Every structure is written in C-alpha cells, then in structure tokens.
Amino acid sequence: MSGHSCSLLFPVEDDREYSMSDYQGAQARWCPGCGDHSVLTATQRLLASEQLKPEETVFVSGIGCSSRFPHYVSSYGFHGIHGRALPVATGIKLHRPDLHVFVVMGDGDCTSIGAAHWLHATRYNVDMVALMLDNNIYGLTKMQTSPTTPEGYRSNTQPMGSFLPALNPIEATLGVTNASFVAQTAEWMPAHLYATLEAAYKHNGFSFVRILQRCPVFTGDIYQDAVRNPDMIEMLEHPDGVEVPDLHQIYQNISRHDPRNMDAARELAEKMDRIRVGVFFRDESRPRYEETRHLPLHTTDEKIGILNEELDKYAV
Amino acid sequence: MKKVMIGNHAVSWGVQRSRVEVISAYPITPQTQIVEELSDMCADGRLPARYIKVESEHSAMAACIGASAAGVRTFTATSAQGLALMHELLHWAAGGRLPIVMADVNRAMAPGWNIWTDQNDSLSQRDTGWIQLYCETNQEVFDTTVQAFRLAEQINLPVMIILDAFFLSHTSEPVDLTDQEIVDEFLPQRVAQYKLDPSDPHAFGALVRPDAYMEMRWQQQEAMRDTLRVMPEVDEAWGALTGRRYGAIEEYRTEDAELLLVTSGTITSTARHVVDARRSSGEKIGLVKIKMFRPFPTALLRSALAGADRVAVLDRNISPGHGGIFAEETRSALYDVPLEDRPTLFGYVLGLGGRDVTPSVIEAIVDRTREAEAPERQDLWVGVEL
C-alpha cells in the first residue's frame, strides 16, 4: 500500500458538482400538504444552486414539527433544545465562521419559548440565515395557541378562541436595534420563497425570514383565501431586495419598496389589509457581532515572553 | 361516579374537584392533555378558574408562584425537558413555602430525544424541596391529586404528583370520581397563612443573610419531617371518606417473604402479577411499593425490608456514576438495620426511555436474584448486560 496516498481511500471531491438529491436526508415525515415540504425543497434547491458542501453546512433547529428539518437535509445538523436554536447556532458560527449556518424554527420556538434569543440574535447580527416557519399554532403537541395564532382562533388551550391580537413577527424584528435583514415569504409561492431564501443567504449578517405556512391539519383555513385569491398578496420588490418577475402575471399588487427605508418598512409591516411578502429591510452596514469580537493577538504565555524580552533590554 | 378515562384526564378531574383557582401551563408531550382538558373545563364553566397561557414552563411555574403567593390554590403540569426548564423556580416554590401542586408525566430526558417513560426527569428534581408522590393507577392519580392539595396546604410545601408516560397518561381505566360534596368536606378552601395582601403588606423573597438562611432550610427540613406523619394522616382521612388509601409505601404479600421486590409507578402492577403467580407455587416472595419518594420513608422501608434475605429494587432511572436511585436510597435506609436482619440488595436498572418491562422481565429478575451469590455491581442493567 506504500505507493498509495490517503486520497485514494478518502477521495477529495473539490470539483464535484452537487445536485439537489445530494442534500436529501431521511424521508420527510411531515403530514401530506404540510408547508414544511415546500420550504425543504426550496432550501435544497438553494444549497445545490450555491454548491454548498454538505460537510460545510449546518442546520440547527429547536423543537416542533419544522424542527425535524435537519433530519431531512444531508448536512451537519443539530436537532436541539426547545427555543434555543439561535444560541446554539451562534456558538457554532462564532467558532467556525467558515461554515454556512441555517437555523430552522417554528413560531413556538422563535416567538414563544425562545423569544429572548430571537431578540438578541437579531441584535448580534451574526452572519446566518434564520427561517421561522410560521403555521400559527403549536402543531407537534397538537393544536395549542401560539403567539402568532390569530385573535379568536380556537385551539385546545383557548377553546373559546385566542384572546389577544396575534404577535406580528416582522414588526417585532424590525423593532430590534441592529436588525439587518427582515423578510417575509409564503410556502405556497415557491418562486418567491426561493428568491427570498437566496437573498437571505447572500446577505452578510443575520437574515430573518418569516415563512407563512399552512398546517393542513390544524390551521389549513388561515391562509385559504390568500392562497386562492392573489389580490390578497402584495409583493414588495426592489433590486436590493427580492424581485420575481415570473410571478407578476399572478400577483398584480406589486409595490416598489426600498429595503433601506426603515420607516417605510415599519409602516408596511403594521398594515394588515394585505399579506406583504418581500424584503422589508436590509442593511449590510450594520455591525456584525463576530467582527466586533476578535481573538486576542497573543496568549498569556506569549505576552509574558514579550514583556520579559522588553525587560531584558534593561538588564544590567 | 365512575368514568373510563386516561391518566392525564384523571389529573384534570382531580384538579377540577379540588376547586383550583389558577392554572398556568405550557404544552409538552405526553402531558398536554392534562392542561387541554383543564382549559376546556375553564372555558365551559366546569371549573371557574383562571387559565394562564404562557410562553414556557419557566413562565408557567413563575405564574403559579405569583398566584400562590397571592393566596390562591394553583396547579400546573409538565414533563421531562419542561420540568428541567422549571428547575430554578422549583427551588423558589419550595423555598418560598408555596403549596403549589404539579403533575409530572414521567418522560425520559433528551438527548436522545424520547417521549416515553422513565423517572429521570422527576428524580433530577429530588433536591428542590418538593414532595414527590409516584402513582400506579389512574384511580391513584385522581386520589393523589386531591390529597396533594390538602397535604401541600397543611405543611406549606409544593407537591409533585408523578405518573408514567403512556402507561398511565394515555391509557384508559375506570376512575371513581369522588362527588364534589365529599371532596369539599375533605379539602376546604385554601386559607393562606402568609400572602400578598395590600391591606397587610409583606415582602417576599428578600435577601437572607448567613445568620438566618440556615434556619430557613431547617424549617423546610422540619416540614419534610412533618410530612412523614401528615401524609399518612391525609391518606387516612381520604380513605375514611372514599375507602381508598395508599400509604407512603405499600407492603404487598410481604408476610414471611424471603425475597422482596421494591417498585414504583406502573412497574408495580406488573410485579404484583409475578408475585401472585410465584406465591401460588409456594415461593416466599413479596413486594414493597414506594409511593412517596420525598420525603423518603426511611423508617417504613426499614421495617418492611428488614428480615428478608434478598431485596431486588427495580429502577426505571439511573444516577450516572452511581446507580438506580431508588436502589441507592433504599440501600442507605438499610444501613442502620442490624447485620443479621439486613437483606442483600440487588439494584436493577431497567425500562429506560420507555423500554417495556413485562412479567417475563420481572420473572427473570426474581430468578436471578434468588440464584446469584451476590450482586456483581450496585447497578445491574436489564436488557443491556443481563
């Protein structure tokens, strides 16, 4: 064997071309019709299009239906702790900035039990993509009210209907100091979903994407009208955000929105007359946590060595 | 009134009969049905309580602490990771001497992710100062829930009612739901000795300096000691009204037994069948069920186990680096038994993460305990090495 190099046993595949099927993990076991399938497909398409090496890509999730995501992607994965996907991902990215880090959370993970981390991860602005798959309900535990459940919507924990207006995740994220990328898309608009994921991946900083999605078992009716009636959708378009000309025939409410304009973004996020999809805000000039924190130039031992060297100069 | 119901709903009905005033919870499998049924009861008027929907188990226990400090009867339910997330507040509830009652559906801790039963979630909270009561049947779950409020309020300590995931939580059994008038007679409205009351202002949770902190812990420990006396009294008072009593421990066919099994939770029911079968073929075998784990019924266990030749403790839990937790606590209780009466203890770890414990598993344990010269180690892993 002396004539053989290790590369024969472990072939280096730097020039290998990855296809979507290379990112296929275990068979997805979400319910038929679940919006998670659509997000998984769009994500795998993005991975192939960007030729991300599976061994340099990490999917981090919390707990919930959507948090099964890492099982279904052939890459590194961390199916983690309820509500803590963001701190886990932050730890990974700070230690291994060379990795592509994707976070997959549900509305429970992100806006409920892990809400504190959502706020601070947005402010830290670590370069990663955070997907919030929002089906407006706790699905895995079978239909309890979540923070994004619409007011009056009945569930097993609020059988007379949710008491309060639903939390608006876009408005909330835009309200966080140092937010750098805030977008919304919908699972039933695959072209838009893909374009948004692509923009989020290419953004340098913390990209927060809320994906509206149907849970066919518990909340299939919430977006039923919007799915059937494109007039209820408004696409926010801009060269610096997302543009999907292929959809212009179907979705005719198109408005030009400059994602640098925070005031306009907040105004749009507040409006409830239509469902707005697109990049609400994007600003790459915001400071990123990993760039403000550097490893010390010298270890303690090296520092002592340098000091001693200096002091030796004065030795008599 | 007898109804067929799952163990989770037996908890809900116990809470309903106990006229709880504030409930706060966060869903987690396999507990969720407890609080779903309670939210139904609150919505349709069967239970005029406030149901506070919160954003995590940490918040659920915090809300119970606030409500309990305000003087009302409070309840929550959780499982596994949810209970672990409450950990900080469990200390607070006990140290604050708040009579909160909580149901924990025993579920294995992650990782690896697992929703099936074992006792490591509740036993990890052993030293938080909560009374722990393990249940064997859905009837016992209902009865223990009602008893728990009286016990908690009598001694000002929180109580955890514990039931096995799926084997009880999702399994239907007939449950006699004691009439409301009888429960009312047993469990009057809570009268809080100390509470947040604007007309008589007090502050809670202040800094306690070294000169007083230890006395607070002493009082907690004294309350635990009192519980050893009060728990059987409460059980007896309930027994007088309903005919159902359980004891801190139960001795089953222990008379003249040479070999005793020590069990808790649903493994007990399976073990009873094995004991019956062996007794009918003339074997001198019995069973001791531990219902109350905290405070630990040391004296009761000593008298129940002393004199037997061998004791096999069946632990659906493990203290990593030590052994099965019931086995180790039982071993420690036996230390003061004179050597000639002290049985040899075999500690079996089994059924972790919901692995089935069938009669044949227990049969094999019985045979092995009889035949072995001595235990090879303090923890013997059934299904892994045996």
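Just so it is clear, the structure is predicted and the values come from calculations on it, not from any experiment. Atoms considered below: every heavy atom in the structure, side chains included; atoms not considered: hydrogens, waters and symmetry mates. Order of the sequence lines fixes the chain letters, A, B, ..., with proteins taken first and strands second; residue numbering starts at 1 for each chain.
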At under 4.5 Å between heavy atoms, what parts of residues 109-116 of chain A are in contact with chain B? List them by residue number.
A/S112, A/I113

Gap between atom CD1 of B/I28 and atom OG1 of A/T141 - 0.5 Å precision
9.0 Å

Crowding at CD, B/Q189 (>12 non-hydrogen neighbours, <6.0 Å)
no

At under 4.5 Å between heavy atoms, what parts of residues 48-62 of chain B are in contact with chain A? List them by residue number.
B/Y51, B/K53, B/E55, B/S56, B/E57

B/S39 side chain vs A/N156 backbone, donor-acceptor pair below 3.5 Å
yes

Can you tell me which portion of A/R84 sits under 4.5 Å from chain B's heavy atoms? Options are side chain, backbone, both or neither.
side chain

If you take all heavy atoms of A/G108 and B/Y26, which pair is closest and at what distance?
O-OH, 4.3 Å

Measure distances from A/S155 to the heavy atoms of chain B and classify the residue's part below 4.5 Å as side chain, backbone, both or neither.
neither

Residues of residues 121-128 of chain B near chain A, each having a heavy atom less than 4.5 Å away:
none

Where do A/I63 and B/W113 come nearest, in terms of heavy atoms and distance?
CD1-CZ2, 3.1 Å

B/L38, part contacting chain A, at a heavy-atom distance under 4.5 Å
neither

Please examine the side chains of A/H82 and B/Q81, heavy atoms only from C-beta on, and report whether any two atoms are closer than 4.5 Å.
no

So, the part of B/T32 with a heavy atom under 4.5 Å from chain A: the answer is side chain

Counting a contact as any heavy-atom pair under 4.5 Å apart, which residues of residues 157-180 of chain A contact chain B?
A/T157, A/Q158, A/P159, A/M160

